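These numbers come from a predicted model, not from an experiment. Reckoned from all heavy atoms, side chains included, excluding hydrogens, waters and symmetry mates.
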Amino acid sequence: MARETTTADEDRIDVVAKGVVGREGDGGLEALLKANRGLAATGLFVPAGTRLVVPDPAPASPVLPSINPWGD
């Protein structure tokens with residue numbers, strides 16, 4: 001179930017994503033933007049006092065083994 005939070009300080013949007021979603025990469029930032037229509041229009045920084053819907057965490061992508069194309 002999604003919850004809500006309010007930003008206390010003006011922070012970069014990726015820092016906010018990491019703080020509220022738990023990660024900025026692996027779809028965390030995109031999930032935050034999808035749950036908060038118009039958030040991208042605020043620019044790089046999210047103003048203090050902005051109310052955000054925090055999406056439920058999605059499972060992390062599986063880590064695939066690397067393959068060496070030149071052999072062992």
Side-chain angles (χ1 to χ4, degrees):
M1 172 180 250
R3 59 184 172 87
E4 287 190 4
T5 189
T6 303
T7 57
D9 298 316
E10 181 178 74
D11 278 322
R12 284 192 343 244
I13 197 165
D14 60 327
V15 174
V16 173
K18 184 168 185 163
V20 298
V21 179
R23 61 184 187 268
E24 74 276 11
D26 199 24
L29 176 58
E30 290 81 1
L32 185 65
L33 291 171
K34 186 175 181 181
N36 295 278
R37 300 283 181 203
L39 182 60
T42 65
L44 178 61
F45 291 91
V46 178
T50 302
R51 293 187 63 157
L52 299 172
V53 174
V54 180
D56 294 328
S61 300
V63 176
L64 301 175
S66 60
I67 299 172
N68 183 352
W70 296 277
D72 297 328

Nearest heavy-atom approach of L33 to A40 is CD2-N, 3.9 Å
Rounded to the nearest 0.5 Å, what separation is found between the NZ atom of K34 and the CG atom of L39? 15.0 Å
Kindly determine whether I13 and V46 satisfy side chain to side chain contact (heavy atoms under 4.5 Å, CB included), including the steps that lead there. CA-CA 6 Å; I13 197 165; V46 178; 3.9 Å; yes
Partner of N36 under side chain to side chain contact (heavy atoms under 4.5 Å, CB included), chosen from L52, V54, T50: L52
Nearest heavy-atom contact between L32 and A17 is CD2-CA, 3.7 Å
In short, A48 meets A8 closest at the heavy-atom pair CB-O, 3.5 Å
Looking only at heavy atoms, which two atoms of P47 and T42 are closest? And how far apart? CD-CB, 4.0 Å
